[in-house]
Amino acid sequence: MSTYHSKKAAEFMKNPEKISRHDQTFWSVRQKRDIMASQLPEWEDLREHASQIKAHTVTHLADYLDQFATNLEKNGVIVHFAKDAQEFNEMVYGILETHKVTKLVKSKSMLTEECEMNPYLIRRGIDVVETDLGERIIQLMHLKPAHIVMPAIHLTRDEVGEMFEEKGISKEIGNHDPTYLTRCARHHLREEFMDAGAGMTGCNFGVAATGDCVVCTNEGNADMSTSVPKLHIVAMGLEKVIPDYDSLAVFQRLLCRCGTGQPTTTYTSHFRKPRPGGEMHVILVDNGRSDIIANPEHWQTLKCIRCGACMNTCPVYRRSTGYSYSYFIPGPIGVDLGMLKNPRKHSGNVSACSLCLSCDHVCPAHVDPGSQIYRWRQSLEAFGTENKEKRVMAEGMKAVYENYTVYDALLRNSSVANNIPSSWTDMKLNPWSIGHTMPRFAKKPFHAIFKQAMDELKSEERKTKREK
């Protein structure tokens, strides 16, 4: 059964200062996104174009995957297709075992998080080293990513500095300056790169027309992971394929502007063939994506380019943090993906939405994650996971709204509730009172005020006519 998001969020909201910092941090990223968007007059055209490209590609996926795989093989790349997470993990381990690799360096990949690849390989004796700075921090702290683009941004410099001191990465006790800590991490990771027998990257976009695997980073760790070890493995979800370079240009202009508020990522790396004397494998993973395509209401979830903009703008995510969600991807898009994966397990996340639809407004590919959450809410009864209390409340409100006499009587007498002592309303049975001041009801309902105003207007008009 699902765990309601609100119950998990309560644990993280005990520290108001940390929650406020989290909220302000991601709102600042949202503001940077808006600045970037305002500088491009063609911004909305780009979003619409991106949506159409993704919709076309997803609905013709077999053709583009065949073209992509064919061009990769022409360039000497070994292509694999994995039907699920288990098969993907087995393929990765098989490649590493064949090459007698004991250490794998990898750049950030949410697909490997989805498939839980790291623990699978570690149990089999492979040392897996995350090389994205944020991912490395949370790996050393034994945490999960709290955001798909900025996985460790919820942590403070002091938390990171103290951990670096414990691990021996930082030598200057008490020096938690970000520049210093970054330099320490760079020296620490350099040794890992030199010792690794294989490197793994994710793939932001797979260009079908050329066989390019395009990886966008701000740290250059993907390049290091592929330029030092001779064995390169690419982990790629089926939906990441796009038709051609013209399509890539559209997404390249949107991805970083939406995700971090930058014009572009510092590094945009194209991998299409093995390095001289090396070997390159691309593993294309389904793991339920074919089922999503077949879902008439939610197939457009596959248009997502994983920019994280929906999380940055979401008031619920910003105030509750990524760890309050049951699915490994938090925020609006994570709610939708979790429901597609296992609705009974993750349906508690659909309550983590105010239906403000700010996420729909900022999504670069018009995935409309908030609107999809609304549709998921209509299906909870079918999954047997609807909130019973809300169901009773909804039935009660339906009975009131369908009977005008009852509705009118309640409104006309609602101001009586203003006399109820606050001690009676501020209780566990009234969750609204937590963090809210209970509203005061007007002495006269709006429709009565409006009717009175219209009657007075008509009376005035009749009087004017008589005088004429």
Side-chain angles (χ1 to χ4, degrees), residues 46 49-82 88 91 95 106-112 198-218 220-227 229-259 263-286 289-290 293 302-307 364-365:
L46 284 171
H49 198 177
S51 176
Q52 292 175 2
I53 293 170
K54 273 291 186 178
H56 168 75
T57 311
V58 167
T59 52
H60 297 77
L61 198 54
D63 297 330
Y64 284 110
L65 286 172
D66 180 65
Q67 183 184 15
F68 182 56
T70 298
N71 284 322
L72 281 169
E73 290 171 345
K74 285 179 181 178
N75 291 330
V77 178
I78 302 169
V79 180
H80 311 260
F81 285 86
F88 167 73
M91 284 179 176
I95 295 168
K106 61 184 291 287
S107 67
K108 187 161 71 66
S109 165
M110 292 307 290
L111 177 60
T112 60
M200 172 177 279
T201 65
C203 182
N204 292 95
F205 307 104
V207 184
T210 60
D212 286 35
C213 296
V214 182
V215 182
C216 305
T217 70
N218 277 321
N221 54 307
D223 297 65
M224 288 291 289
S225 297
T226 56
S227 61
K230 291 187 176 182
L231 175 61
H232 176 197
I233 303 173
V234 177
M236 175 180 163
L238 300 182
E239 81 284 6
K240 294 300 182 72
V241 68
I242 57 174
D244 48 34
Y245 267 10
D246 288 341
S247 303
L248 177 64
V250 174
F251 293 111
Q252 174 65 17
R253 299 185 76 194
L254 289 166
L255 176 64
C256 203
R257 285 179 167 89
C258 286
T264 184
T265 48
T266 307
Y267 300 90
T268 301
S269 307
H270 295 238
F271 304 104
R272 68 167 69 167
K273 62 174 62 176
R275 56 174 290 187
E279 191 169 297
M280 180 175 172
H281 295 254
V282 173
I283 307 178
L284 294 158
V285 184
D286 188 326
R289 286 158 175 78
S290 295
I293 295 173
L302 287 182
K303 295 195 296 182
C304 174
I305 62 173
R306 302 296 194 272
C307 68

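Note: hydrogens, waters and symmetry copies are ignored here, and every other heavy atom, side chains too, is used.
Between atom CD1 of residue Ile95 and atom NE2 of residue His232 there is a gap of 11.0 Å, rounded to the nearest 0.5 Å. To the nearest 0.5 Å, the span separating OG on Ser51 from CG on Leu254 amounts to 11.0 Å. Remark: Asn204 CG to Arg306 CZ distance equals 11.0 Å, nearest 0.5 Å. Summarising the geometry, atom CE belonging to Met236 is positioned 12.5 Å from atom CZ belonging to Phe88; distances are rounded to the nearest 0.5 Å. Rounding to the nearest 0.5 Å gives a distance of 9.0 Å between CD of Gln52 and NZ of Lys303. Taking CD of Glu239 as the start and OG of Ser290 as the end, the distance is 10.5 Å to the nearest 0.5 Å.
Listed here is the closest heavy atom pair of Leu72 and Val79: CB-CG2, 3.7 Å. Nearest heavy-atom pair, Ala235 versus Leu111, reported as atom, atom and distance to 0.1 Å: C-CD2, 3.7 Å. In this structure, Ala222 and Thr217 approach most closely via the heavy-atom pair CB-CG2, 4.0 Å. In plain terms, the two heavy atoms of Thr268 and Gln252 that are nearest each other are OG1-NE2, 3.2 Å. Minimum heavy-atom separation, Val250 to Leu46: CG1-O, 3.8 Å. Nearest heavy-atom pair across Ala82 and Ile283 is CB-CG2, 4.1 Å.
At least one side-chain heavy atom of Lys54 sits under 4.5 Å from a side-chain heavy atom of Ile305. Put simply, the side chain of Ile53 reaches to within 4.5 Å of the side chain of Pro243, judged on heavy atoms. A heavy-atom distance below 4.5 Å is not found between the side chains of Asp212 and Phe271. Annotation: side chain of Val282 is in contact with side chain of Cys213 (closest heavy-atom distance under 4.5 Å). Using a 4.5 Å cut-off on side-chain heavy atoms (C-beta onward), Phe81 and Val285 make no contact. Side-chain atoms of Cys256 and Cys216, non-hydrogen and from C-beta on, never get closer than 4.5 Å to each other. At a threshold of 4.5 Å between non-hydrogen side-chain atoms, the residues Phe205 and Val241 do not count as touching. Taking 4.5 Å as the limit, some side-chain heavy atom of Thr112 sits within range of a side-chain heavy atom of Lys106.
Between His80 and His281, the ring planes lie parallel to each other; the angle is under 30°, not in the 30° to 60° tilted range.
The distance between the ring centers of Tyr64 and His56 falls below 6.0 angstrom.
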Open item on the list: Using side chain to side chain contact (heavy atoms under 4.5 Å, CB included), reason through His270 and Leu248 one step at a time and then give a plain yes or no.
Closed with: CA-CA 11 Å; His270 295 238; Leu248 177 64; 3.6 Å; yes
Task: Intermediate values then yes/no, side chain to side chain contact (heavy atoms under 4.5 Å, CB included), Met280 and Val234 - done: CA-CA 8 Å; Met280 180 175 172; Val234 177; 3.9 Å; yes
Open item on the list: side chain to side chain contact (heavy atoms under 4.5 Å, CB included), that's the test. Do Arg289 and Leu302 meet it? Break it down for me.
Closed with: CA-CA 8 Å; Arg289 286 158 175 78; Leu302 287 182; 4.0 Å; yes
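Arg275 places a side-chain N or O within 3.5 Å of a backbone atom of Ser227 that can act as its donor or acceptor partner. The main-chain N or O of Ala209 is found under 3.5 Å from a side-chain atom of Asn71 such that the two form a donor-acceptor pair. At least one donor-acceptor pair closer than 3.5 Å links the side chain of Arg257 to the backbone N or O of Arg253. Formation of a donor-acceptor pair under 3.5 Å by the Asn218 side chain with backbone atoms of Thr266 is found in this model.
For Asn221 and Ser107, the side-chain atoms include no donor-acceptor pair closer than 3.5 Å.
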